[in-house]
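Have a look at the structure below, then the notes.
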Protein chains: 2
Amino acid sequence: MRRDIFQAIADPTRRTILTLIAVQAMTPNALAAYFDTTRQAVSKHLKILAECELVRQEQQGREIYYQLEIGRMKEIDNWLEQFRKLWENRFGQLDELLLTLKNKQQ
Amino acid sequence: MRRDIFQAIADPTRRTILTLIAVQAMTPNALAAYFDTTRQAVSKHLKILAECELVRQEQQGREIYYQLEIGRMKEIDNWLEQFRKLWENRFGQLDELLLTLKNKQQ
DNA sequence: TATACATGCAACCAATTGGTTTCTCAAAAT
DNA sequence: ATTTTGAGAAACCAATTGGTTGCATGTATA
């Protein structure tokens with residue numbers, strides 16, 4: 001039980017769940033229809049996502065709607081931030097190269 | 001052996017390795033000094049990162065320098081893209097709320 | 001009220017993971 | 001030429017993971 005957002009998105013099923021509920025809240029049953037596993041397996045994935053606060057539950061009668069908790073997703077974005085400079089730099093260099101080539105053609 | 005970039009960054013040691021070599025290329029030995037594990041364990045992490053093409057190796061005598069392959073990191077950014085709209089929206093709504101509160105004070 | 005449905009939990013299982021120790025190999029250094 | 005050093009591969013191990021089946025519980029419906 002690591003309860004780590006990076007570990008949470010490591011599983012492809014969980015990533016798909018996040019994508020699905022990003023569009024609209026869904027019940028475990030409805031989600032399970034998208035996968036080749038049992039409802040209980042999906043339930044376990046949802047539990048992990050809930051522990052990481054990546055999803056929010058909303059009971060509605062006997063159904064539970066799972067909704068994306070978008071705020072947490074920003075943590076991944078924050079981690080990426082340290083690398084963003086590097087790849088912007090790289091693409092910046094590419095831009096420069098293309099510009100040089102263009103100038104030579106003129 | 002999943003060779004999946006999301007699975008690669010799931011491990012905290014591997015994330016730290018990526019952060020370290022983002023600054024400058026490093027050898028397995030130098031990296032191992034940062035962790036409470038054996039050099040061989042670090043070597044295994046590097047192998048996984050290499051399989052995902054997140055690092056590039058450069059032999060120099062008997063040492064091997066590992067360097068960050070920044071391009072692959074953009075895949076994570078691309079996956080985040082689908083959620084970015086949502087959280088920008090959310091913070092947009094927050095901005096609006098703050099603006100309303102400010103106006104009320106006046 | 002009895003039955004069907006939606007969900008989560010517990011117990012179990014095979015595969016994977018992250019770590020270790022031991023070994024081999026190639027390149028420096030003595 | 002011999003020894004030391006840097007690195008990866010192999011064999012092994014305990015813990016974790018993702019899945020299953022069976023059960024318990026609460027809510028809707030007949």
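The shown structure was predicted, so the numbers you read here are calculated from the model rather than taken from an experiment. Letters A, B, ... are given to chains in the order of the sequence lines, protein chains preceding strands, and every chain is numbered from 1.
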I'd like to know if the side chain of A:R15 and the backbone of A:A10 have a donor-acceptor N/O pair within less than 3.5 Å.
yes

Separation of atom CD in B:E58 from atom P in D:dG6, rounded to whole Å
19 Å

Rounded to whole Å, CZ of B:R15 lies from C1' of C:dG18 at a distance of 14 Å

Test of understanding: with side chain to side chain donor-acceptor pair (under 3.5 Å), list the residues that count as partners of A:T19, not counting sequence neighbours.
B:Q82

What salt bridge (charged side-chain N to carboxylate O under 4.0 Å, His left out) pairs are there with at least one residue in residues 16-34 of chain A, not counting sequence neighbours?
none

Where along residues 24-40 of chain A does a heavy atom come under 4.0 Å from DNA chain C, residue by residue in number order?
A:T27, A:P28, A:N29, A:R39, A:Q40

Atom-to-atom span, CG of B:D11 to P of D:dA15 - whole angstrom
18 Å

Counting just side-chain N and O atoms, does A:H45 come under 4.0 Å of either OP1 or OP2 of D:dT17?
no

ring-ring contact (aromatic ring centres under 6.0 Å, His included) involving B:Y65 - partner list, sequence neighbours excluded:
none

Could you list the donor-acceptor pairs under 3.5 angstrom formed by side chains in residues 23-30 of chain B, with sequence neighbours left out?
residue	atom	partner	partner atom	Å
B:T27	OG1	B:A30	N	3.2

By side chain to side chain donor-acceptor pair (under 3.5 Å), A:E81 pairs with (sequence neighbours left out) A:R84

Please determine whether any donor N or O and acceptor N or O are separated by less than 3.5 Å between the side chain of A:K44 and the base of D:dG19.
yes

I need the full list of side chain to side chain donor-acceptor pair (under 3.5 Å) pairs touching residues 36-45 of chain A, with sequence neighbours left out, sorted by first then second residue.
A:R14-A:H45

Separation of B:Y66 atom OH from D:dA7 atom C1', in whole Å?
8 Å

If I take atom CZ in residue B:R3 and atom C1' in nucleotide C:dT16, what distance separates them, rounded to the nearest angstrom?
13 Å

So A:Y65, base contact, sugar-phosphate only, or nothing? Heavy-atom distance under 4.0 Å.
nothing

Between B:S43 and D:dA7, is there a contact of a side-chain N or O with OP1 or OP2 at under 4.0 Å?
no

Starting from P on D:dA7, measure out to CG on B:L49 and report it in whole angstrom.
16 Å

Listed pairs, N/O of protein and of nucleotides 25-27 of chain C, under 3.5 Å:
residue	atom	partner	partner atom	Å
C:dA27	O3'	B:R62	N	3.4
C:dA27	N3	B:R62	NH1	3.2

Distance under 6.0 Å and angle within 45° of the ring axis: does B:R56 meet both against B:Y66?
no

How would you list, by chain and number, every residue that makes a side chain to side chain donor-acceptor pair (under 3.5 Å) with B:Q57, sequence neighbours excluded?
none

d(CD, B:E51; P, C:dG18) in whole Å:
12 Å

Rounded to whole Å, please give me the gap between CD in B:Q60 and P in C:dA28.
10 Å

